[in-house]
Enquirer: 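Before anything else, here's the structure in question.
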Amino acid sequence: MEQIKQINKKMENHFFYYLLCILAAVVGFLVVKKITSCMIKVVIALVVLAAMAFIYFKFIA
């Protein structure tokens, strides 16, 4: 009977651990998704700005 209680306690701890790992993975994915979308927008804006500056200095100025 004591062994069954120990096994149940270990399984509860493992279940909680796995639940926290899944939760951390989901939160990490959402954070990376938000940061990446913002960084992509910044990179695109910088590329467009650099292209406009190149066109200005090469052909207009």
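Everything numeric here is computed off the predicted structure, so don't read it as measured data. For this chain, numbers begin at 1 and follow the sequence in order.
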Enquirer: Connecting only ILVMFWY residues whose side-chain heavy atoms lie within less than 4.5 Å of each other, what is the rest of Val42's hydrophobic cluster?
Expert: Leu46
Enquirer: Sequence neighbours left out, what passes side chain to side chain contact (heavy atoms under 4.5 Å, CB included) with Ile35? Give chain and number order.
Expert: Val31, Met39
Enquirer: According to side chain to side chain contact (heavy atoms under 4.5 Å, CB included), who are the partners of Ser37, at least two apart in sequence or on a separate chain?
Expert: none
Enquirer: Taking side chain to side chain contact (heavy atoms under 4.5 Å, CB included) as the definition, give me every residue that meets it alongside Phe54, ordered by chain and number, with sequence neighbours left out.
Expert: Lys58
